[in-house]
Colleague: 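Right, I'll just put the structure down here and ask away after.
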Amino acid sequence: LTLAVVLPQKNLTYPWAWPRVGPAVRLAVESINSRQDLLSGFTLGWVFGSSEDRHGVCSEMAAPLAAVDLRVAHHPVAFLGPGCVYTAAPVARFTSHWGLPLVTAGAEAHGFDDKREQFGLITRAGPSHRKLGELGVQLHRRFNWTRRALLVYWDEKMDDRPYFFAAEGLYVQLPTLGNLTVMDVVFRHGGNFSFIIQE
């Protein structure tokens, strides 16, 4: 049996980078293979494909290509990673189409909660932004916050957009309270933002 691993190969800014996760994968595979009561009659192995582009950044092009290459060459039974939102999404769509499970420590965006179709076989071992939104709802209930909610974040649109996806969890969950309106106001850098606070 083969486990396909699709993670950043070198970039340690990602918590799920191969240099961080690789030793655990190796230990887990060794441990599973040393036990006769697990996967009796089978041997577990792993193959690796990088989700990084040539600059070392998670790539929504490199990750799905690596996944397809690993699928064609090695016929894995499951995928580990990727973790970045924009790399996990296309790979999860492929693995769902292939009927293969995908386990990731990332993919924390709210959209991965939809298990009906494209993300039905993804398991997230890490936090999700939906849970952050649910925390926001519970805080509003606990402290009876009904007057205002203000959320400001910076969205580079050049990276994995962690602030955007963190805000998305709150943006989607807070309206479930039914006692406040959640609005998004787009503003550009360098403007006068006092109007947003006055609104």
Side-chain angles (χ1 to χ4, degrees), residues 1-135 160 162 165-166 169:
L1 301 174
T2 303
L3 174 67
V5 181
V6 181
L7 295 170
Q9 187 169 9
K10 297 177 184 172
N11 190 338
L12 292 175
T13 60
Y14 301 110
W16 45 77
W18 180 245
R20 297 179 193 278
V21 176
V25 170
R26 288 184 191 101
L27 285 172
V29 168
E30 287 173 17
S31 176
I32 289 168
N33 287 335
S34 70
R35 292 184 51 182
Q36 298 299 317
D37 59 327
L38 293 177
L39 302 177
S40 182
F42 294 96
T43 301
L44 182 62
W46 57 270
V47 290
F48 179 83
S50 180
S51 62
E52 292 179 358
D53 64 12
R54 62 187 176 94
H55 303 291
V57 180
C58 280
S59 167
E60 64 268 19
M61 186 174 83
L65 290 175
V68 169
D69 287 347
L70 294 173
R71 167 75 169 145
V72 170
H74 301 282
H75 307 287
V77 296
F79 277 77
L80 177 64
C84 298
V85 170
Y86 287 115
T87 58
V91 174
R93 289 182 188 108
F94 280 132
T95 60
S96 180
H97 174 72
W98 298 327
L100 299 175
L102 182 147
V103 178
T104 179
E108 59 268 28
H110 197 277
F112 290 102
D113 292 332
D114 185 0
K115 303 294 184 183
R116 291 172 294 183
E117 290 182 28
Q118 57 187 338
F119 302 125
L121 294 175
I122 189 170
T123 299
R124 296 180 292 179
S128 75
H129 292 314
R130 177 181 51 83
K131 290 293 185 186
L132 176 64
E134 290 173 358
L135 172 65
D160 211 34
F165 290 114

Colleague: Which pairs, with at least one residue in residues 85-116 and sequence neighbours excluded, count as a disulfide (SG to SG under 2.5 Å)?
Modeller: none
Colleague: Which atom pairs, donor and acceptor, lie under 3.5 Å between side-chain atoms of residues 18-29 and protein residues at least two apart or in another chain?
Modeller:
from: R20; atom 1: NE; to: L12; atom 2: O; distance (Å): 3.3
from: R20; atom 1: NE; to: Y14; atom 2: O; distance (Å): 3.3
from: R20; atom 1: NH2; to: L12; atom 2: O; distance (Å): 2.5

Colleague: How would you list, by chain and number, every residue that makes a side chain to side chain contact (heavy atoms under 4.5 Å, CB included) with S96, sequence neighbours excluded?
Modeller: none
Colleague: Strictly by disulfide (SG to SG under 2.5 Å), give each pair with a member in residues 15-100 just once, sequence neighbours left out.
Modeller: C58-C84
Colleague: In residues 103-114, what donor-acceptor pairs under 3.5 Å come from side-chain atoms, sequence neighbours left out?
Modeller:
from: T104; atom 1: OG1; to: P82; atom 2: O; distance (Å): 2.7
from: T104; atom 1: OG1; to: G106; atom 2: N; distance (Å): 3.0
from: H110; atom 1: NE2; to: Q173; atom 2: NE2; distance (Å): 3.2
from: D113; atom 1: OD1; to: R124; atom 2: NH2; distance (Å): 2.2
from: D113; atom 1: OD1; to: R130; atom 2: NE; distance (Å): 3.4
from: D113; atom 1: OD2; to: R130; atom 2: NE; distance (Å): 2.9
from: D114; atom 1: OD1; to: R116; atom 2: N; distance (Å): 3.1
from: D114; atom 1: OD1; to: R116; atom 2: NE; distance (Å): 2.9
from: D114; atom 1: OD1; to: R116; atom 2: NH2; distance (Å): 3.4
from: D114; atom 1: OD2; to: R116; atom 2: NH2; distance (Å): 3.1

Colleague: Quick one: ring pair (Phe, Tyr, Trp, His ring centres under 6.0 Å) pairs with a partner in residues 61-83, sequence neighbours left out?
Modeller: F79-W98
Colleague: Partners of K131 by salt bridge (charged side-chain N to carboxylate O under 4.0 Å, His left out), sequence neighbours excluded?
Modeller: E134
Colleague: Quick test of your reading: applying side chain to side chain donor-acceptor pair (under 3.5 Å), list the pairs with at least one residue in residues 45-55, sequence neighbours left out, ordered by first then second residue.
Modeller: none
Colleague: Of all residues at least two apart in sequence or in a different chain, which pass the side chain to side chain contact (heavy atoms under 4.5 Å, CB included) check with L38?
Modeller: I32, R35
Colleague: Suppose we screen for side-chain hydrogen bond (donor to acceptor under 3.5 Å, both in side chains). Which residues come up paired with T43, at least two apart in sequence or across chains?
Modeller: none
Colleague: For A78, give me all partners under side chain to side chain contact (heavy atoms under 4.5 Å, CB included), at least two apart in sequence or on another chain.
Modeller: L3, P101
Colleague: Taking the side chain as C-beta and beyond, is there a heavy-atom pair between L7 and F48 under 4.5 Å?
Modeller: yes
Colleague: Where is the tightest heavy-atom contact between A4 and L70, given as atom of each residue plus distance?
Modeller: CB-CD1, 4.0 Å
Colleague: If you look at every heavy atom in T2 and V47, which pair is closest and at what distance?
Modeller: CG2-CG2, 3.8 Å
Colleague: Could you tell me the separation between the CZ atom of R93 and the CG atom of L121, rounded to the nearest 0.5 Å?
Modeller: 14.0 Å
Colleague: Going from CG on L135 to NE2 on H129, what distance comes out if it is rounded to the nearest 0.5 angstrom?
Modeller: 13.0 Å
Colleague: Is it the case that more than 12 heavy atoms not belonging to K10 sit under 6.0 Å from its NZ atom?
Modeller: no
